[in-house]
Amino acid sequence: LRAASGADAVLLVLGPDAQWSRGGEVAFNWLLGSLGGRDLLAAPLEQKYEECVICIRATDSKIFCKRALRDELVAKTAMWESCQVTVPTAEEEADQDAYDSRKTWAFINMVAECRSLAVALRSDDEQGDLKMAVEKWPLVQAHAYDEFGLGFLTMRSSVVNIEAHLQLQ
């Protein structure tokens, strides 16, 4: 999918951090949930995965998830080349501000070297302007906060929609 789209990375942001993007949920369920066909289209995202962020590049992959998911995701991605799973500390999980900061830094590190990102957005989520739809995601908005000094993500990286490519898989 990444190569077919011409992007440096496939980015899957789940749950509230992507405004409950159904395209990202379907892509995650296909990639890590072992679902396909009608089951894939009908299955909701399991609540335990709502805080996950995944960035898949040609040479490595990075995942941010809650501590409780670490072992499961490490097992599911064991055959992936150079997959790094990042989890917050117990103290960070107990403090929402510290947790959000940790997740934001993990996200920034994931996309730092990417000039182009592939995301899975349904046409009703995209509403005609892919860049604006992605910039509305809370995690992507955090990328532009003054404390990080990075500006808008879509000004630094181009974004392509791979939802149509997913439908062919």
Side-chain angles (χ1 to χ4, degrees), residues 1-33 35-66 84 86 96-97 99-169:
L1 289 174
R2 183 202 54 75
S5 70
D8 292 337
V10 172
L11 178 65
L12 301 178
V13 180
L14 304 175
D17 290 316
Q19 295 185 325
W20 308 102
S21 168
R22 183 66 185 137
E25 293 174 359
V26 170
F28 178 87
N29 283 338
W30 174 72
L31 183 65
L32 291 168
L35 295 175
R38 292 181 192 263
D39 292 337
L40 176 62
L41 297 176
L45 179 70
E46 287 186 57
Q47 187 175 2
K48 67 182 182 178
Y49 299 118
E50 289 177 357
E51 296 286 328
C52 293
V53 181
I54 301 168
C55 185
I56 304 166
R57 301 187 314 179
T59 57
D60 66 344
S61 300
K62 297 179 182 179
I63 298 173
F64 177 87
C65 64
K66 290 198 168 190
Q84 174 187 345
T86 302
Q96 188 65 48
D97 289 336
Y99 176 80
D100 289 342
S101 180
R102 178 76 163 118
K103 182 169 33 172
T104 301
W105 278 114
F107 172 70
I108 288 169
N109 288 329
M110 285 178 188
V111 300
E113 297 176 14
C114 299
R115 293 169 302 174
S116 58
L117 297 166
V119 297
L121 271 179
R122 296 267 171 106
S123 58
D124 53 334
D125 291 335
E126 188 177 335
Q127 300 196 3
D129 189 346
L130 179 61
K131 283 186 174 186
M132 287 306 298
V134 171
E135 284 293 347
K136 288 180 181 177
W137 294 354
L139 190 58
V140 173
Q141 288 178 351
H143 186 277
Y145 289 169
D146 288 340
E147 75 181 85
F148 302 114
L150 300 172
F152 294 106
L153 177 65
T154 59
M155 296 293 281
R156 298 172 57 104
S157 302
S158 63
V159 181
V160 296
N161 192 350
I162 58 167
E163 205 263 334
H165 293 290
L166 278 170
Q167 290 181 5
L168 300 175
Q169 298 300 317

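By the side-chain hydrogen bond (donor to acceptor under 3.5 Å, both in side chains) test, Thr154 is found to be paired with Glu135, residues two or more places apart in sequence or in another chain being considered. For Lys48, the side-chain hydrogen bond (donor to acceptor under 3.5 Å, both in side chains) partners are Glu72, not counting sequence neighbours. With sequence neighbours excluded, the residues satisfying side chain to side chain contact (heavy atoms under 4.5 Å, CB included) with Glu50 are Pro16, Trp20, Leu45, Gln47. A search for side chain to side chain contact (heavy atoms under 4.5 Å, CB included) contacts involving Ala43 returns Asn29, Leu35, not counting sequence neighbours. Under the ring-ring contact (aromatic ring centres under 6.0 Å, His included) criterion, Phe107 pairs with no residue at all, not counting sequence neighbours. Annotation: side chain to side chain contact (heavy atoms under 4.5 Å, CB included) contacts of Ser116 (sequence neighbours excluded): Ala7, Asp8, Ser158. In terms of the side-chain hydrogen bond (donor to acceptor under 3.5 Å, both in side chains) criterion, residue partners of Glu51 (sequence neighbours excluded) are, by chain and number, Tyr99, Lys103. Applying the side chain to side chain contact (heavy atoms under 4.5 Å, CB included) rule to Ala9 yields the partners Cys55, Arg57, Cys114, Leu117; only residues at least two apart in sequence or on another chain are considered. For Asp100, the side-chain hydrogen bond (donor to acceptor under 3.5 Å, both in side chains) partners are Gln96, not counting sequence neighbours.
The minimum heavy-atom distance linking Val140 with Val134 is given by the pair CB-O, 3.4 Å.
For residues 38-62, the pairs satisfying ring-ring contact (aromatic ring centres under 6.0 Å, His included) are Phe28-Tyr49, with sequence neighbours left out.
Summarising the geometry, atom OG1 belonging to Thr86 is positioned 9.0 Å from atom CD1 belonging to Ile63; distances are rounded to the nearest 0.5 Å. Annotation: the span from Lys136 atom NZ to Ser21 atom OG amounts to 13.0 Å, rounded to 0.5 Å.
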